[in-house]
Amino acid sequence: MLKTTLAIGAGKLTSSLVSALHLGEGTSLPGKVARRIDPDVLRVLGRQIQKETVAVSGTNGKTTTCGLLARFLEEAGHTVAHNQLGANMVPGITAALVKQSSLSGRLAVDYGVLEVDEASLVGVASEIGISRIAVTNLFRDQLDRYGELDTTARLIEKGINKSRVNDGGCLYLNADDPLVASMGVNADRAVYYAVKNVEYAHPVTTDFPVPFPREVTACPRCGSDLYYQTVIYGHLGHYECMSCCGYDRPAPTVVAEHVLVKPEGSDVRLRCKDETLDLHLPLPGVFNVYNFLAAAAVADDMGLPHDVFESGLSHYHSVFGRAERRTINGRRVMIFLIKNPVGASEVLKLVGTDPDGRLMIALNDNYADGRDVSWIWDATFESIRTEKPIVVSGVRATDMAVRLKYAGVEEKYLQIEPDIHAALKKAVKQTPENETLYVLPTYTALLALRDL
């Protein structure tokens, strides 16, 4: 226990020093320091979570899903430990629990809600008893780290097998994603969530080809073609296998019967079992509807009353960079993390054609971003329709500028400023008071922006 106490003290001291010296948020380094002193510190802290630990994994939406679920649990009167800043590998999760524990090593919470990187799920599940796992979606992301989608799916499945899900726990799976849904075939217990119908208040019409409209086209069971009756976005939708293997979209328990997508959020008609609720989700984009459904599926299955959905959504504050609204020097700013083709394309649907919007895009290729930035050629930057300056920044600013030029943005509108802080100042300064600046950074660019 002395070793653990020293590890927690060292982790907390590291966090304080990082903050005092303005070296960032200290989302991972305190965890690395604590684990160097006591390799079992995460295991010790995890054992103190009194009821259950829920993990959320998948390509997009982990941070928002965890934030919503934590909010619902708190609305129901429970205490929660969770890595709310989005550091989702083993050191980051360790740092989050160290920060929330006392100096003596006490972590007095009812539930753990952990966002977990797909490749880290095995390691986290080896140290913490995870009894519930929600999987959001699988899209091509950081191919240099994960490989193609079937490799990512296997990483998650290894984590599921290492957890307690099949020992009285439960899986929560996106029924509209064929690969994710297939993870429930051999599970002891799985709950599915899905979207039935989507309507856009301001439909986006495009006159350009969409690269890779579906990243999953083959049946996970037999490899035959999938037929889609309805496509929500990407490869999410209502599908069935064209062969006789019988694989199709499983029947969901938690369903968005109808979604009206607006610039400021979405109106959602939610069906949980036999109850129907009309809710307003204060987060833009149909992708955030799926995040809400994942959180609602877990909360419903845990027995939380459904009134926590409305109260939780009304008190929910966006996590930094996930459709977060800020005011900087009197200018409205919205920040959307982008990191893969489908996620970026969905964000561009929302912001690329706003006549009262301006853009700043920051592209980095650090390890946490993924070294391979070729994904920008598969995202639909062609949906940008503007005759206003676009500030382009980050380590790979020139690559992003070239991509925008090929997407049809005239060169005279491209302003290249590799320094992210200088770029933000420039973008804010030239945004009129009656317009909104949309900032689209990759992950480490987002961390750099947080300092401001």
Side-chain angles (χ1 to χ4, degrees), residues 1-57 62-63 66-67 69-70 73-74 78-131 145 159 162-163 319-322 366-369 443-444 446-452:
M1 189 66 187
L2 177 60
K3 185 187 287 188
T4 301
T5 303
L6 290 173
I8 289 172
K12 287 181 176 292
L13 177 60
T14 303
S15 181
S16 298
L17 288 173
V18 168
S19 178
L21 296 173
H22 303 288
L23 299 176
E25 291 291 331
T27 55
S28 294
L29 183 59
K32 293 179 180 178
V33 171
R35 292 178 68 83
R36 179 64 64 90
I37 296 171
D38 181 7
D40 287 328
V41 62
L42 181 59
R43 200 182 308 272
V44 171
L45 292 173
R47 282 200 296 262
Q48 297 183 57
I49 295 171
Q50 296 175 14
K51 294 185 178 179
E52 290 182 288
T53 297
V54 182
V56 177
S57 196
K62 298 184 290 290
T63 303
C66 283
L69 178 58
L73 286 165
E74 288 165 353
H78 301 292
T79 52
V80 180
H82 101 101
N83 50 333
Q84 59 185 2
L85 292 180
N88 55 28
M89 299 181 190
V90 174
I93 292 169
T94 303
L97 297 192
V98 164
K99 184 177 181 179
Q100 292 170 75
S101 68
S102 68
L103 274 172
S104 63
R106 179 170 169 74
L107 185 66
V109 295
D110 298 327
Y111 291 97
V113 176
L114 303 178
E115 169 188 345
V116 186
D117 172 83
E118 301 92 298
S120 300
L121 188 57
V122 171
V124 175
S126 299
E127 299 191 35
I128 294 183
I130 298 171
S131 55
R145 288 185 59 211
K162 201 73 175 178
S163 73
V319 180
F320 187 83
R322 277 72 171 186
N366 298 314
Y367 177 75
D369 304 292
Y443 184 69
T444 63
L446 175 65
L447 296 182
L449 287 168
R450 183 183 287 140
D451 294 341
L452 289 178

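Residues: numbered from 1 along the sequence shown. Keep in mind it's a predicted model, so treat the numbers as computed, not measured.
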Checklist entry - Between CG of Asp38 and OG1 of Thr4, what distance do you get to the nearest 0.5 Å? => result 4.0 Å
Item to check | Least distance between heavy atoms, Thr5 atom then Ser104 atom | outcome: OG1-O, 3.8 Å
Checklist entry - Where do Gly9 and Leu103 come nearest, in terms of heavy atoms and distance? => result CA-CD2, 4.3 Å
Next on the checklist: So which atom in Ala119 and which in Asp117 form the shortest heavy-atom distance, rounded to 0.1 Å?
Outcome noted: N-OD2, 2.9 Å
Checklist entry - Would you say Ser57's side chain and Val116's backbone share a donor-acceptor pair under 3.5 angstrom? => result yes
Checklist entry - If you round to the nearest 0.5 Å, how far is CG of Asn366 from OG1 of Thr444? => result 4.0 Å
Checklist entry - Rounded to the nearest 0.5 Å, how far does OG of Ser163 lie from CD1 of Ile128? => result 12.0 Å
Next on the checklist: Main chain of Val98, side chain of Lys12: is a donor-acceptor contact present, judged purely on distance under 3.5 Å?
Outcome noted: yes
Next on the checklist: I'd like to check Lys62 versus Glu118 (side-chain heavy atoms, cut-off strictly below 4.5 Å). Are they in contact?
Outcome noted: yes
Checklist entry - How far apart are the C-alpha atoms of Val124 and Ile93, what are their side-chain angles, what is the distance that settles it, and do they pass the side chain to side chain contact (heavy atoms under 4.5 Å, CB included) test? => result CA-CA 8 Å; Val124 175; Ile93 292 169; 3.6 Å; yes
Item to check | Nearest-0.5 Å distance that lies between atom CG in Leu107 and atom CZ in Arg47 | outcome: 12.5 Å
Checklist entry - Do you know the tightest heavy-atom contact between Tyr111 and Ile49? => result C-CG2, 3.7 Å
Checklist entry - Hey, does the side chain of Ser15 reach the backbone of Gly11 with a donor-acceptor pair shorter than 3.5 angstrom? => result no
Next on the checklist: Looking at every non-hydrogen atom in both residues, tell me the closest pair between Ala108 and Thr79 and how far apart they are.
Outcome noted: O-OG1, 4.0 Å
Next on the checklist: Donor-acceptor check, side chain of Lys99 to backbone of Asn83, threshold 3.5 angstrom: yes or no?
Outcome noted: no
Item to check | Heavy-atom pair of closest approach, residues Ile8 and Ser102 | outcome: CG2-O, 3.6 Å
Checklist entry - So, the side chain of Glu127 versus the backbone of Gly46: is there a donor-acceptor pair under 3.5 Å, distance only? => result no
Next on the checklist: With rounding to the nearest 0.5 angstrom, report the NE2 to CD distance, His82 to Glu115.
Outcome noted: 9.0 Å
Checklist entry - Hey, what do you get for OG (Ser131) to NZ (Lys51), rounding to the nearest 0.5 Å? => result 12.5 Å
